[in-house]
Number of protein chains: 2
Amino acid sequence: MQIGELSERAGVSHRTIHYYERLGLVEPAEREGAGYRYYDETALKRLEKIAALKRLGLSLDEIAAVIDLYFEDASGIRGKERVLEILQAQLDKANAQLDELSAFKRDLENNIARMHGLIAQARQK
Amino acid sequence: MQIGELSERAGVSHRTIHYYERLGLVEPAEREGAGYRYYDETALKRLEKIAALKRLGLSLDEIAAVIDLYFEDASGIRGKERVLEILQAQLDKANAQLDELSAFKRDLENNIARMHGLIAQARQK
DNA sequence: CCTAAATCTACACCCAACGTCAGGTTTAGA
DNA sequence: TCTAAACCTGACGTTGGGTGTAGATTTAGG
């Protein structure tokens, strides 16, 4: 698949893919002859993973540091202790985020209930 | 309290406070005479709320749209339906984020377990 | 009363994460 | 074979969220 199809399927522009390539986030499976990039399905999966990690608030640099975990053969990963540290740090962050998000959600629900009350009251008069 | 103390207590630079002021996020309680800004405790609370909302991934513009909910008297809020819409949208977003975050956490925990296994195995040999 | 520390405004600059534009090359298909 | 559509690179522009700096003013404390 060429960059056009990949970008469409992944929902990002081809310039974004170029940019990600410079950061080491995705690579074409092949660049024969004159330089057209050809991708396989794993490229799509990488882009989807990148999007997911971005939604969690990771920067592209942070993503670059961990994305291979999701695609390398685990037995081949060098520096397993280091990898473990990174994962643990991310887990801690995720837990903190979960707590904060739950509290925020409760807050929102309270505010929504309050608003409903105020609106009903306003309508009645 | 002057901007120096506020910035120290809130953990942001005074330049950031100026910047937030331009965006309508915080205001000094008073600017007498020659223009020094004087703040009260609610300014600090606003800055803390802003930081919390940022951690949830809201942009400063989005924060500007909702922060008054936390400090205005609810009965005085204009456009309650609009406010309700915003809150509901944020709640939906929060729920989606919670789902994604939980899945990410499960992923992480699996990877961590796998890493522990691989490390134990490597040590044994 | 005087001076050092704090603050003021305004403009410039920074980084991340892209988008736009220009000019040139390549490829697929009629 | 030839042309339109897709692709390439490189340079520059943009937006969000700030930071740095300069030069002037103000204020608090000895």
Side-chain angles (χ1 to χ4, degrees), chain A residues 1-41 43-44 46-67 90 93 97 100, chain B residues 1-41 43-44 46-67 86 89-90 93 97 100:
Chain A
M1 129 181 65
Q2 292 180 201
I3 200 168
E5 186 184 343
L6 178 63
S7 84
E8 187 151 343
R9 287 223 266 157
V12 300
S13 76
H14 66 282
R15 300 298 284 122
T16 296
I17 295 176
H18 285 166
Y19 180 58
Y20 285 178
E21 185 177 329
R22 282 208 326 149
L23 299 185
L25 291 171
V26 247
E27 271 195 10
E30 217 196 312
R31 295 195 67 167
E32 42 106 57
Y36 272 36
R37 294 168 175 84
Y38 294 92
Y39 299 93
D40 54 23
E41 293 294 320
L44 180 57
R46 285 182 81 98
L47 289 178
E48 283 162 357
K49 199 76 197 176
I50 291 166
L53 293 174
K54 279 191 56 175
R55 280 192 297 278
L56 296 173
L58 301 216
S59 73
L60 294 182
D61 271 16
E62 290 173 318
I63 293 172
V66 300
I67 187 151
Q90 298 219 342
K93 200 173 150 192
Q97 230 176 318
E100 201 153 6
Chain B
M1 128 181 66
Q2 292 182 202
I3 198 168
E5 187 185 341
L6 178 62
S7 84
E8 186 152 343
R9 288 224 265 158
V12 302
S13 75
H14 66 283
R15 305 290 291 103
T16 298
I17 296 176
H18 285 165
Y19 179 58
Y20 285 179
E21 185 176 330
R22 282 209 326 149
L23 299 185
L25 291 172
V26 248
E27 272 195 9
E30 217 197 310
R31 293 195 69 166
E32 42 106 57
Y36 272 37
R37 294 167 175 85
Y38 294 92
Y39 299 93
D40 54 24
E41 292 294 320
L44 179 58
R46 286 181 80 99
L47 288 178
E48 284 163 356
K49 199 75 196 178
I50 291 167
L53 293 174
K54 280 191 54 176
R55 280 194 296 279
L56 296 172
L58 302 217
S59 72
L60 295 182
D61 270 19
E62 290 173 318
I63 293 173
V66 299
I67 188 154
I86 293 176
Q90 299 220 341
K93 201 174 150 192
Q97 229 176 318
E100 198 152 10

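All chains are named by letter (A, B, ...) in the order of the sequence lines, taking the proteins before the strands, and each is independently numbered beginning at 1. Just so it is clear, the values below take in all heavy atoms, side chains as well, and ignore hydrogens, waters and symmetry mates.
Taking only side-chain nitrogens and oxygens, A:R22 never comes nearer than 4.0 Å to OP1 or OP2 of D:dT9. The side chain of B:R37 contributes no N or O atom lying less than 4.0 Å from OP1 or OP2 of C:dT7. Within the 4.0 Å cut-off from OP1 or OP2 of C:dT9, at least one side-chain nitrogen or oxygen of B:R31 is found.
Helix bend of the helix from C:dC1-D:dG30 to C:dA30-D:dT1: the angle between its two end axes, each built from five pairs, comes to 10° after rounding to 10°.
Separating the CG atom in B:L6 from the CZ atom in B:R46 is a distance of 12.0 Å, to the nearest 0.5 Å. Separating the CD atom in A:E27 from the CG atom in A:D40 is a distance of 11.0 Å, to the nearest 0.5 Å. Annotation: the span from B:H14 atom NE2 to B:E21 atom CD amounts to 12.5 Å, rounded to 0.5 Å. The distance from the OH atom of B:Y38 to the CD atom of B:Q2 is 4.5 Å, given to the nearest 0.5 Å. Atom CD1 of B:I67 and atom NZ of B:K49 lie 8.5 Å apart (nearest 0.5 Å). To the nearest 0.5 Å, atoms OH (A:Y39) and CD (A:E30) are separated by 12.5 Å.
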Got a list of protein N/O to nucleotides 2-6 of chain D N/O distances below 3.5 Å?
from: D:dA6; atom 1: O3'; to: A:Q2; atom 2: NE2; distance (Å): 3.4
from: D:dA6; atom 1: N3; to: A:Y36; atom 2: OH; distance (Å): 2.6

Which atoms of nucleotides 16-20 of chain C (N or O only) lie under 3.5 Å from a protein N or O atom, and what are those distances?
from: C:dA17; atom 1: OP1; to: A:L60; atom 2: N; distance (Å): 3.0
from: C:dC18; atom 1: OP2; to: A:Y20; atom 2: OH; distance (Å): 2.8
from: C:dC18; atom 1: OP2; to: A:K54; atom 2: NZ; distance (Å): 2.8
from: C:dG19; atom 1: OP2; to: A:S13; atom 2: OG; distance (Å): 2.5
from: C:dG19; atom 1: OP2; to: A:T16; atom 2: OG1; distance (Å): 2.8
from: C:dT20; atom 1: O4; to: A:R15; atom 2: NE; distance (Å): 3.0
from: C:dT20; atom 1: O4; to: A:R15; atom 2: NH2; distance (Å): 3.0

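Rounded to an integer number of Å, the gap from B:Y38 OH to C:dA6 C1' is 10 Å. Remark: P of C:dT7 and CD of B:E8 are 10 Å apart, rounded to the nearest angstrom. The nearest whole Å value for the distance from the NE2 atom in B:H18 to the P atom in C:dT9 is 6 Å. Atom-to-atom, CD1 of B:I17 to P of C:dA6 comes out at 15 Å; the value is rounded to the nearest Å.
In this structure, A:K93 and A:G57 approach most closely via the heavy-atom pair NZ-O, 4.4 Å.
Of the candidates B:L44, B:L47, B:T16, B:L47 is the only one forming a side-chain contact (heavy atoms from CB on, under 4.5 Å) with B:V26.
Contact of the A:L53 side chain with the A:E62 side chain is not registered, since no non-hydrogen atoms from C-beta on lie closer than 4.5 Å. When side chains are defined from C-beta on, B:R37 does not count as touching B:I17, because their heavy atoms never get closer than 4.5 Å.
No more than 12 heavy atoms of other residues, nucleotides or ligands shown are found within 6.0 angstrom of CD on A:E8.
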